[in-house]
Number of protein chains: 2
Amino acid sequence: MTVSKATADAVKPSRASGKAPVDGAAENPALQMGELSELLGYSLKRAQLKVFEDFLRCVAPLQLTPAQFSVLLLLDNNPGRNQTEIANTLGILRPNFVAMLDALESRDLCTRVRSTNDRRSHILMLTEKGRTVLARAKKLVATKHEARLNELLGPANRVALLDMLSKIAAEF
Amino acid sequence: MTVSKATADAVKPSRASGKAPVDGAAENPALQMGELSELLGYSLKRAQLKVFEDFLRCVAPLQLTPAQFSVLLLLDNNPGRNQTEIANTLGILRPNFVAMLDALESRDLCTRVRSTNDRRSHILMLTEKGRTVLARAKKLVATKHEARLNELLGPANRVALLDMLSKIAAEF
DNA sequence: GATAATTGTTATGGACTATACCAAATATCG
DNA sequence: CGATATTTGGTATAGTCCATAACAATTATC
(Lines give C-alpha, C1' and ligand atoms only; values in the text may rest on other atoms or scores of the structure.)
Protein backbone atom coordinates (compact mmCIF):
# COMPACT_ATOMS: atom_id res chain seq x y z
CA MET A 1 0.00 0.00 0.00
CA THR A 2 3.02 2.23 -0.07
CA VAL A 3 2.35 3.11 -3.67
CA SER A 4 -0.53 5.34 -4.52
CA LYS A 5 -2.01 5.79 -7.94
CA ALA A 6 -1.34 9.49 -7.69
CA THR A 7 2.39 8.97 -7.38
CA ALA A 8 2.19 6.51 -10.22
CA ASP A 9 0.94 8.91 -12.83
CA ALA A 10 2.85 11.83 -11.42
CA VAL A 11 6.08 10.13 -12.42
CA LYS A 12 5.11 9.71 -16.02
CA PRO A 13 3.61 12.64 -17.87
CA SER A 14 4.92 11.47 -21.22
CA ARG A 15 2.55 9.40 -23.29
CA ALA A 16 -0.20 11.69 -24.47
CA SER A 17 0.53 14.67 -22.30
CA GLY A 18 4.10 15.88 -22.51
CA LYS A 19 5.33 14.11 -25.60
CA ALA A 20 7.53 16.30 -27.78
CA PRO A 21 5.85 16.21 -31.18
CA VAL A 22 8.65 18.05 -32.94
CA ASP A 23 9.33 15.43 -35.54
CA GLY A 24 6.91 12.96 -36.98
CA ALA A 25 8.51 9.81 -35.54
CA ALA A 26 9.48 11.22 -32.17
CA GLU A 27 8.73 8.17 -30.05
CA ASN A 28 9.38 7.36 -26.42
CA PRO A 29 13.04 7.46 -25.46
CA ALA A 30 14.83 4.15 -25.13
CA LEU A 31 14.74 2.61 -21.71
CA GLN A 32 17.62 3.01 -19.32
CA MET A 33 19.41 -0.31 -18.92
CA GLY A 34 21.15 0.86 -15.75
CA GLU A 35 23.31 -1.69 -13.94
CA LEU A 36 22.06 -4.31 -16.35
CA SER A 37 24.79 -3.34 -18.80
CA GLU A 38 27.34 -4.32 -16.19
CA LEU A 39 25.77 -7.66 -15.40
CA LEU A 40 27.92 -10.25 -17.09
CA GLY A 41 25.25 -12.91 -16.94
CA TYR A 42 22.84 -10.72 -18.84
CA SER A 43 25.15 -10.04 -21.77
CA LEU A 44 26.24 -13.64 -21.59
CA LYS A 45 22.76 -14.95 -22.17
CA ARG A 46 21.92 -12.42 -24.85
CA ALA A 47 25.12 -13.24 -26.70
CA GLN A 48 24.51 -16.95 -26.37
CA LEU A 49 21.05 -16.62 -27.89
CA LYS A 50 22.42 -14.63 -30.80
CA VAL A 51 25.22 -17.10 -31.43
CA PHE A 52 22.89 -20.10 -31.34
CA GLU A 53 20.50 -18.29 -33.64
CA ASP A 54 23.26 -17.69 -36.14
CA PHE A 55 24.46 -21.26 -35.80
CA LEU A 56 21.01 -22.51 -36.73
CA ARG A 57 20.90 -20.20 -39.75
CA CYS A 58 24.32 -21.22 -41.00
CA VAL A 59 23.74 -24.93 -40.65
CA ALA A 60 20.07 -24.83 -41.60
CA PRO A 61 20.55 -26.77 -44.87
CA LEU A 62 21.62 -29.75 -42.77
CA GLN A 63 18.89 -29.35 -40.15
CA LEU A 64 21.21 -29.66 -37.18
CA THR A 65 20.83 -28.00 -33.80
CA PRO A 66 23.90 -27.00 -31.80
CA ALA A 67 23.26 -29.91 -29.45
CA GLN A 68 22.99 -32.40 -32.30
CA PHE A 69 26.13 -31.05 -33.89
CA SER A 70 28.02 -31.45 -30.64
CA VAL A 71 26.86 -35.05 -30.37
CA LEU A 72 28.01 -35.90 -33.88
CA LEU A 73 31.34 -34.22 -33.21
CA LEU A 74 31.87 -36.17 -30.03
CA LEU A 75 30.96 -39.45 -31.70
CA ASP A 76 33.44 -38.78 -34.46
CA ASN A 77 36.23 -38.03 -32.03
CA ASN A 78 35.41 -40.83 -29.60
CA PRO A 79 34.48 -44.05 -31.34
CA GLY A 80 33.38 -46.95 -29.19
CA ARG A 81 31.78 -44.98 -26.38
CA ASN A 82 28.35 -45.65 -24.99
CA GLN A 83 25.40 -43.38 -24.33
CA THR A 84 26.20 -42.46 -20.74
CA GLU A 85 29.74 -41.50 -21.59
CA ILE A 86 28.72 -39.24 -24.45
CA ALA A 87 25.78 -37.77 -22.58
CA ASN A 88 27.84 -37.08 -19.48
CA THR A 89 30.60 -35.19 -21.23
CA LEU A 90 27.99 -33.03 -22.93
CA GLY A 91 26.11 -32.34 -19.74
CA ILE A 92 23.04 -34.13 -21.03
CA LEU A 93 21.09 -36.29 -18.63
CA ARG A 94 20.77 -39.88 -19.75
CA PRO A 95 16.97 -39.89 -19.88
CA ASN A 96 16.99 -36.82 -22.10
CA PHE A 97 19.67 -38.26 -24.31
CA VAL A 98 17.42 -41.12 -25.41
CA ALA A 99 15.09 -38.98 -27.53
CA MET A 100 18.04 -37.10 -28.97
CA LEU A 101 19.61 -40.32 -30.16
CA ASP A 102 16.28 -41.58 -31.44
CA ALA A 103 16.08 -38.52 -33.66
CA LEU A 104 19.63 -38.85 -34.95
CA GLU A 105 19.29 -42.58 -35.49
CA SER A 106 15.96 -42.20 -37.30
CA ARG A 107 17.74 -39.88 -39.73
CA ASP A 108 20.46 -42.50 -40.16
CA LEU A 109 23.16 -40.23 -38.78
CA CYS A 110 24.31 -42.62 -36.06
CA THR A 111 23.65 -46.10 -34.70
CA ARG A 112 23.39 -47.85 -31.38
CA VAL A 113 25.20 -51.16 -31.30
CA ARG A 114 24.93 -53.50 -28.35
CA SER A 115 28.37 -53.99 -26.87
CA THR A 116 29.58 -57.58 -26.55
CA ASN A 117 31.70 -56.73 -23.54
CA ASP A 118 28.85 -55.24 -21.58
CA ARG A 119 25.52 -56.20 -23.02
CA ARG A 120 23.80 -53.39 -21.13
CA SER A 121 25.51 -50.58 -22.98
CA HIS A 122 25.01 -49.27 -26.46
CA ILE A 123 28.12 -48.37 -28.42
CA LEU A 124 27.45 -45.25 -30.47
CA MET A 125 28.87 -44.72 -33.91
CA LEU A 126 28.41 -42.40 -36.81
CA THR A 127 26.99 -43.89 -39.96
CA GLU A 128 28.48 -43.11 -43.34
CA LYS A 129 25.77 -40.52 -43.83
CA GLY A 130 26.52 -39.18 -40.38
CA ARG A 131 30.15 -38.65 -41.28
CA THR A 132 29.18 -36.90 -44.50
CA VAL A 133 26.69 -34.62 -42.78
CA LEU A 134 29.16 -33.85 -40.03
CA ALA A 135 31.83 -32.93 -42.57
CA ARG A 136 29.46 -30.56 -44.34
CA ALA A 137 28.32 -29.10 -41.04
CA LYS A 138 31.91 -28.48 -39.97
CA LYS A 139 32.53 -26.64 -43.21
CA LEU A 140 29.42 -24.50 -42.84
CA VAL A 141 30.25 -23.68 -39.24
CA ALA A 142 33.81 -22.72 -40.09
CA THR A 143 33.16 -20.70 -43.24
CA LYS A 144 29.91 -19.03 -42.22
CA HIS A 145 29.39 -19.09 -38.48
CA GLU A 146 32.82 -18.77 -36.92
CA ALA A 147 34.00 -16.66 -39.82
CA ARG A 148 31.33 -14.13 -39.01
CA LEU A 149 32.39 -14.04 -35.39
CA ASN A 150 35.97 -13.54 -36.48
CA GLU A 151 34.85 -10.67 -38.63
CA LEU A 152 33.01 -9.02 -35.77
CA LEU A 153 35.63 -9.45 -33.07
CA GLY A 154 38.87 -9.97 -34.90
CA PRO A 155 40.79 -13.25 -34.62
CA ALA A 156 42.78 -12.26 -31.53
CA ASN A 157 39.74 -11.12 -29.59
CA ARG A 158 37.80 -14.19 -30.66
CA VAL A 159 40.48 -16.42 -29.16
CA ALA A 160 40.65 -14.32 -26.01
CA LEU A 161 36.89 -14.54 -25.66
CA LEU A 162 36.92 -18.29 -26.13
CA ASP A 163 39.63 -18.71 -23.53
CA MET A 164 37.76 -16.69 -20.94
CA LEU A 165 34.51 -18.52 -21.57
CA SER A 166 36.24 -21.89 -21.31
CA LYS A 167 37.83 -20.77 -18.08
CA ILE A 168 34.47 -19.76 -16.66
CA ALA A 169 32.86 -22.99 -17.82
CA ALA A 170 35.64 -25.02 -16.25
CA GLU A 171 36.63 -23.21 -13.07
CA PHE A 172 33.71 -21.10 -11.99
CA MET B 1 23.75 -50.78 -43.01
CA THR B 2 27.15 -49.29 -43.60
CA VAL B 3 28.07 -50.04 -40.02
CA SER B 4 28.58 -53.61 -38.94
CA LYS B 5 28.61 -54.85 -35.38
CA ALA B 6 32.06 -56.29 -35.96
CA THR B 7 33.50 -52.88 -36.70
CA ALA B 8 31.70 -51.52 -33.68
CA ASP B 9 33.37 -53.68 -31.10
CA ALA B 10 36.66 -53.83 -32.95
CA VAL B 11 37.13 -50.16 -32.28
CA LYS B 12 36.79 -50.44 -28.55
CA PRO B 13 38.63 -53.22 -26.76
CA SER B 14 38.89 -51.23 -23.58
CA ARG B 15 36.21 -51.93 -21.02
CA ALA B 16 36.84 -55.39 -19.63
CA SER B 17 39.38 -56.64 -22.11
CA GLY B 18 42.33 -54.31 -22.55
CA LYS B 19 41.96 -52.04 -19.57
CA ALA B 20 45.28 -51.19 -18.01
CA PRO B 21 44.86 -52.18 -14.35
CA VAL B 22 48.15 -50.69 -13.28
CA ASP B 23 46.77 -48.37 -10.66
CA GLY B 24 43.65 -48.88 -8.64
CA ALA B 25 41.63 -45.97 -10.03
CA ALA B 26 42.79 -46.25 -13.65
CA GLU B 27 39.50 -45.48 -15.34
CA ASN B 28 38.59 -44.83 -18.94
CA PRO B 29 40.46 -41.91 -20.42
CA ALA B 30 38.60 -38.64 -20.71
CA LEU B 31 36.72 -38.10 -23.92
CA GLN B 32 38.27 -36.13 -26.73
CA MET B 33 36.41 -32.87 -27.13
CA GLY B 34 37.83 -32.29 -30.60
CA GLU B 35 36.60 -29.25 -32.49
CA LEU B 36 34.08 -28.67 -29.72
CA SER B 37 36.70 -26.74 -27.76
CA GLU B 38 36.87 -24.27 -30.63
CA LEU B 39 33.13 -23.81 -30.91
CA LEU B 40 32.35 -20.49 -29.35
CA GLY B 41 28.67 -21.29 -28.92
CA TYR B 42 29.50 -24.34 -26.87
CA SER B 43 31.71 -22.55 -24.35
CA LEU B 44 29.26 -19.70 -24.39
CA LYS B 45 26.40 -21.84 -23.24
CA ARG B 46 28.43 -23.72 -20.67
CA ALA B 47 29.73 -20.47 -19.23
CA GLN B 48 26.26 -18.98 -19.18
CA LEU B 49 24.89 -21.91 -17.22
CA LYS B 50 27.70 -21.64 -14.69
CA VAL B 51 27.22 -17.90 -14.27
CA PHE B 52 23.47 -18.21 -13.79
CA GLU B 53 24.02 -21.02 -11.33
CA ASP B 54 26.36 -18.84 -9.30
CA PHE B 55 23.97 -15.92 -9.53
CA LEU B 56 21.21 -18.04 -8.04
CA ARG B 57 23.51 -19.16 -5.23
CA CYS B 58 24.67 -15.65 -4.39
CA VAL B 59 21.20 -14.14 -4.38
CA ALA B 60 19.49 -17.19 -2.92
CA PRO B 61 18.58 -15.47 0.39
CA LEU B 62 16.38 -13.11 -1.63
CA GLN B 63 14.88 -15.81 -3.84
CA LEU B 64 15.44 -13.94 -7.08
CA THR B 65 16.14 -15.42 -10.49
CA PRO B 66 18.34 -13.56 -12.97
CA ALA B 67 15.24 -12.68 -14.98
CA GLN B 68 13.40 -11.34 -11.94
CA PHE B 69 16.43 -9.34 -10.91
CA SER B 70 16.64 -7.79 -14.37
CA VAL B 71 12.97 -6.82 -14.19
CA LEU B 72 13.37 -5.14 -10.83
CA LEU B 73 16.45 -3.32 -12.08
CA LEU B 74 14.64 -2.07 -15.16
CA LEU B 75 11.65 -0.92 -13.13
CA ASP B 76 13.92 1.02 -10.81
CA ASN B 77 15.69 2.73 -13.67
CA ASN B 78 12.57 3.38 -15.72
CA PRO B 79 9.63 4.48 -13.64
CA GLY B 80 6.32 4.97 -15.39
CA ARG B 81 6.72 2.35 -18.08
CA ASN B 82 4.13 -0.27 -18.91
CA GLN B 83 4.38 -4.03 -19.32
CA THR B 84 5.08 -4.14 -23.04
CA GLU B 85 7.88 -1.64 -22.78
CA ILE B 86 9.63 -3.48 -19.98
CA ALA B 87 9.05 -6.88 -21.52
CA ASN B 88 10.27 -5.78 -24.94
CA THR B 89 13.55 -4.36 -23.75
CA LEU B 90 14.23 -7.56 -21.84
CA GLY B 91 13.37 -9.77 -24.78
CA ILE B 92 10.43 -11.26 -22.93
CA LEU B 93 7.24 -11.88 -24.86
CA ARG B 94 4.23 -10.12 -23.43
CA PRO B 95 2.23 -13.28 -22.77
CA ASN B 96 5.12 -14.76 -20.81
CA PHE B 97 5.63 -11.57 -18.88
CA VAL B 98 2.22 -11.82 -17.25
CA ALA B 99 3.07 -14.77 -15.02
CA MET B 100 6.40 -13.20 -14.15
CA LEU B 101 4.70 -10.06 -12.95
CA ASP B 102 2.06 -12.05 -11.11
CA ALA B 103 4.85 -13.71 -9.14
CA LEU B 104 6.62 -10.45 -8.35
CA GLU B 105 3.39 -8.69 -7.49
CA SER B 106 2.20 -11.53 -5.25
CA ARG B 107 5.44 -11.10 -3.30
CA ASP B 108 4.75 -7.38 -3.06
CA LEU B 109 7.90 -6.45 -4.98
CA CYS B 110 6.12 -4.43 -7.64
CA THR B 111 2.66 -3.20 -8.62
CA ARG B 112 0.60 -2.72 -11.74
CA VAL B 113 -1.23 0.58 -11.82
CA ARG B 114 -3.75 1.37 -14.51
CA SER B 115 -2.57 4.40 -16.41
CA THR B 116 -4.96 7.32 -16.63
CA ASN B 117 -3.54 8.38 -19.97
CA ASP B 118 -4.10 5.03 -21.62
CA ARG B 119 -6.47 2.88 -19.64
CA ARG B 120 -5.31 -0.22 -21.46
CA SER B 121 -1.78 -0.16 -20.11
CA HIS B 122 -0.44 -0.98 -16.69
CA ILE B 123 2.23 1.27 -15.28
CA LEU B 124 4.78 -0.80 -13.40
CA MET B 125 6.47 0.37 -10.26
CA LEU B 126 8.57 -1.04 -7.49
CA THR B 127 7.02 -1.18 -4.06
CA GLU B 128 8.95 -0.10 -1.00
CA LYS B 129 9.75 -3.72 -0.34
CA GLY B 130 10.78 -4.10 -3.96
CA ARG B 131 13.26 -1.28 -3.62
CA THR B 132 14.68 -2.79 -0.45
CA VAL B 133 15.01 -6.24 -1.95
CA LEU B 134 16.58 -4.82 -5.08
CA ALA B 135 19.12 -2.89 -3.04
CA ARG B 136 20.08 -6.02 -1.13
CA ALA B 137 20.23 -8.01 -4.33
CA LYS B 138 22.51 -5.46 -5.94
CA LYS B 139 24.84 -5.67 -2.97
CA LEU B 140 24.91 -9.47 -3.05
CA VAL B 141 25.53 -9.51 -6.79
CA ALA B 142 28.34 -6.99 -6.51
CA THR B 143 30.12 -8.40 -3.49
CA LYS B 144 29.65 -12.11 -4.14
CA HIS B 145 28.78 -12.79 -7.75
CA GLU B 146 30.66 -10.22 -9.80
CA ALA B 147 33.47 -10.17 -7.26
CA ARG B 148 34.04 -13.85 -7.87
CA LEU B 149 34.16 -13.29 -11.60
CA ASN B 150 36.65 -10.50 -11.08
CA GLU B 151 38.76 -12.83 -9.02
CA LEU B 152 38.73 -15.49 -11.70
CA LEU B 153 39.39 -13.29 -14.70
CA GLY B 154 40.94 -10.16 -13.33
CA PRO B 155 39.20 -6.78 -13.62
CA ALA B 156 40.67 -5.89 -17.02
CA ASN B 157 39.70 -9.20 -18.59
CA ARG B 158 36.29 -9.07 -17.03
CA VAL B 159 35.64 -5.74 -18.71
CA ALA B 160 37.03 -6.96 -22.02
CA LEU B 161 34.79 -10.01 -21.81
CA LEU B 162 31.74 -7.91 -21.06
CA ASP B 163 32.48 -5.61 -23.98
CA MET B 164 32.78 -8.46 -26.44
CA LEU B 165 29.63 -10.13 -25.20
CA SER B 166 27.70 -6.88 -25.46
CA LYS B 167 29.02 -6.41 -28.95
CA ILE B 168 27.88 -9.87 -29.97
CA ALA B 169 24.50 -9.35 -28.35
CA ALA B 170 24.06 -6.03 -30.13
CA GLU B 171 25.65 -6.45 -33.54
CA PHE B 172 25.69 -10.15 -34.33
C1' DG C 1 -18.49 6.65 -36.57
C1' DA C 2 -16.53 2.45 -38.73
C1' DT C 3 -12.25 0.21 -38.86
C1' DA C 4 -7.61 -0.73 -37.44
C1' DA C 5 -4.16 -1.06 -33.93
C1' DT C 6 -2.59 -1.64 -29.12
C1' DT C 7 -2.56 -3.59 -24.28
C1' DG C 8 -2.93 -7.06 -21.06
C1' DT C 9 -4.41 -11.60 -20.82
C1' DT C 10 -5.58 -16.65 -21.49
C1' DA C 11 -4.81 -20.89 -23.61
C1' DT C 12 -1.84 -23.85 -25.63
C1' DG C 13 2.06 -26.31 -27.62
C1' DG C 14 6.92 -27.20 -28.20
C1' DA C 15 11.66 -27.53 -26.50
C1' DC C 16 14.67 -28.33 -22.78
C1' DT C 17 15.59 -29.86 -18.14
C1' DA C 18 15.25 -32.65 -13.89
C1' DT C 19 13.66 -36.63 -10.95
C1' DA C 20 11.85 -41.10 -9.87
C1' DC C 21 11.52 -45.50 -11.27
C1' DC C 22 12.15 -50.02 -13.96
C1' DA C 23 14.23 -54.30 -16.25
C1' DA C 24 18.22 -56.29 -17.88
C1' DA C 25 22.91 -56.99 -17.24
C1' DT C 26 26.97 -56.75 -14.61
C1' DA C 27 29.89 -56.10 -10.46
C1' DT C 28 30.81 -57.00 -5.66
C1' DC C 29 31.48 -59.64 -1.82
C1' DG C 30 30.40 -62.81 1.91
C1' DC D 1 28.67 -70.15 -5.69
C1' DG D 2 24.74 -66.87 -4.62
C1' DA D 3 22.69 -62.68 -2.54
C1' DT D 4 23.05 -57.89 -2.98
C1' DA D 5 24.38 -53.66 -5.02
C1' DT D 6 25.50 -51.04 -9.13
C1' DT D 7 25.23 -49.76 -13.85
C1' DT D 8 22.88 -49.01 -18.37
C1' DG D 9 19.32 -47.78 -21.35
C1' DG D 10 14.76 -46.59 -21.09
C1' DT D 11 9.91 -44.75 -19.65
C1' DA D 12 7.04 -41.63 -17.38
C1' DT D 13 6.42 -37.32 -15.61
C1' DA D 14 6.71 -32.66 -14.06
C1' DG D 15 8.67 -28.08 -14.32
C1' DT D 16 10.54 -24.25 -16.72
C1' DC D 17 11.10 -21.41 -20.92
C1' DC D 18 9.75 -19.85 -25.21
C1' DA D 19 6.45 -18.98 -29.01
C1' DT D 20 1.83 -18.37 -31.36
C1' DA D 21 -3.08 -17.62 -31.70
C1' DA D 22 -6.92 -15.52 -30.06
C1' DC D 23 -9.83 -12.26 -27.18
C1' DA D 24 -11.93 -8.14 -24.64
C1' DA D 25 -11.20 -3.59 -23.57
C1' DT D 26 -9.39 0.55 -25.02
C1' DT D 27 -7.43 3.80 -28.11
C1' DA D 28 -5.88 5.52 -32.73
C1' DT D 29 -6.95 6.40 -37.54
C1' DC D 30 -9.44 8.01 -41.34
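Convention: sequence-line order gives letters A, B, ...; per-chain numbering from 1.
- Between the side chain of Arg120(A) and the base of dT8(D), no donor-acceptor pair under 3.5 Å is found.
- If you take CD of Gln68(B) and P of dC17(D), they are 8 Å apart, rounded to a whole angstrom.
- Residue-to-nucleotide contacts include no donor-acceptor pair under 3.5 Å from the side chain of Arg119(B) to the base of dT26(D).
- Placement of Leu40(A) and Leu162(A) within a single hydrophobic cluster is found when ILVMFWY residues are connected by side-chain heavy-atom separations under 4.5 Å, directly or transitively.
- The CD-P distance, from Gln83(A) to dT7(D), rounds to 17 Å in whole Å.
- If you check dA25(C), dG10(D), dT7(C) against the side chain of Asp118(A), the one that comes closest is dA25(C).
- With hydrogens and angles disregarded, no donor-acceptor distance shorter than 3.5 Å links the side chain of Arg94(B) to the backbone of Thr84(B).
- Look at CZ on Phe97(A): it is 13 Å from P on dC16(C), rounded to the nearest Å.
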(message) side chain to side chain contact (heavy atoms under 4.5 Å, CB included) for Glu105(B) and Thr111(B)? Distances and angles first, verdict last.
(response) CA-CA 6 Å; Glu105(B) 205 174 13; Thr111(B) 3; 4.0 Å; yes
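- Atom-to-atom, CD1 of Ile86(A) to C1' of dT8(D) comes out at 14 Å; the value is rounded to the nearest Å.
- Rounding to whole angstrom units, CG of residue Asn117(B) and C1' of dA25(D) are separated by 17 Å.
- Regarding Leu90(A), its CG atom lies at a distance of 15 Å from the C1' atom of dT17(C), rounded to whole Å.
- Here the P atom of nucleotide dA15(C) and the CZ atom of Phe52(A) are 16 Å apart, to the nearest Å.
- Of the candidate nucleotides dT8(D), dG8(C), dA20(C), dA20(C) has the atom lying nearest to any side-chain atom of Pro95(A).
- Each of Asp76(A), Leu75(A), Val113(A) was scored for a side-chain contact (heavy atoms from CB on, under 4.5 Å) with Met125(A), with one residue passing: Val113(A).
- Distances shown here put a side-chain N or O of Lys45(B) below 4.0 Å from the OP1 or OP2 atom of dT17(C).
- Rounded to the nearest 0.5 angstrom, Phe97(B) CZ and Leu93(B) CG are separated by 11.5 Å.
- Rounded to whole Å, atom C1' of dT12(C) lies 14 Å from atom CG of Leu93(B).
- Comparing Leu49(A) and Arg94(A) by the nucleotide of DNA chain D whose heavy atom lies nearest to each, the residue mapping closer to the 5' end is Arg94(A).
- In this structure, Thr84(B) reaches the dG8(C) phosphate: one of its side-chain N or O atoms is under 4.0 Å from OP1 or OP2.
- Between Asn96(B) and Ala67(A), the residue anchored nearer the 5' end of DNA chain C, judged by the nucleotide with its closest heavy atom, is Asn96(B).
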